[in-house]
Colleague: 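Sharing a structure, written as structure tokens. Questions coming.
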Amino acid sequence: MSNKTRSILKGIAVILVLLAVLMQLNYVSIHAVNPYKFWIVVVSFGLLLISSK
């Protein structure tokens with residue numbers, strides 16, 4: 001896996017965690033995704049594991 005792909009996956013993981021945190025703090029309200037906040041964080045952790053060396 002190239003360094004560019006790793007950095008893209010890490011960026012996506014950070015964005016997903018920020019989205020989950022902002023939804024928890026009620027700054028962002030996406031009703032369709034609200035029940036899946038935990039799984040968003042789990043998926044982002046998985047992306048970080050995949051993108052690590």
Side-chain angles (χ1 to χ4, degrees):
M1 186 181 308
S2 68
N3 286 334
K4 184 176 180 180
T5 306
R6 282 191 184 109
S7 63
I8 289 172
L9 287 177
K10 288 178 185 177
I12 291 171
V14 168
I15 290 171
L16 286 175
V17 169
L18 284 175
L19 177 67
V21 168
L22 290 175
M23 285 172 42
Q24 184 68 30
L25 295 175
N26 292 327
Y27 288 126
V28 176
S29 178
I30 303 173
H31 297 292
V33 186
N34 200 18
Y36 305 110
K37 286 185 283 194
F38 172 75
W39 293 110
I40 291 172
V41 174
V42 170
V43 167
S44 65
F45 181 70
L47 284 174
L48 282 177
L49 285 177
I50 290 170
S51 66
S52 66
K53 289 187 176 181

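Since we're looking at a predicted model, the values are computed, not measured.
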Colleague: Can you measure from OG (Ser52) to NZ (Lys10) and round to the nearest 0.5 angstrom?
Modeller: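 Output value for this atom pair is 7.5 Å.
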Colleague: Mind checking the CG-NZ spacing from Leu9 to Lys4? Nearest 0.5 Å is all I need.
Modeller: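 Those atoms lie 12.5 Å apart.
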Colleague: If Ile, Leu, Val, Met, Phe, Trp and Tyr residues are connected whenever their side-chain heavy atoms lie under 4.5 Å apart, and connections chain through other members, are Ile40 and Ile15 in the same group?
Modeller: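 Each belongs to a different hydrophobic cluster.
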Colleague: Are Leu18 and Tyr36 in one and the same hydrophobic cluster, where Ile, Leu, Val, Met, Phe, Trp and Tyr link if side-chain heavy atoms are under 4.5 Å apart?
Modeller: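 Hydrophobic grouping puts Leu18 apart from Tyr36.
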Colleague: Any chain of hydrophobic side-chain contacts (each under 4.5 Å) joining Ile30 to Leu22?
Modeller: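 Yes.
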Colleague: To the closest 0.5 Å, what do you measure between CG (Leu48) and CD1 (Ile12)?
Modeller: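 The distance works out to 11.0 Å.
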Colleague: Does Leu47 share a hydrophobic cluster with Val21, counting links as ILVMFWY side-chain heavy atoms below 4.5 Å and allowing steps through other members?
Modeller: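 Looking at the clustering, Val21 is in the same group as Leu47.
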Colleague: Do Met23 and Leu25 sit in the same hydrophobic cluster, where Ile, Leu, Val, Met, Phe, Trp and Tyr count as joined when their side-chain heavy atoms come under 4.5 Å apart?
Modeller: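 Linked, Met23 and Leu25 end up in one cluster.
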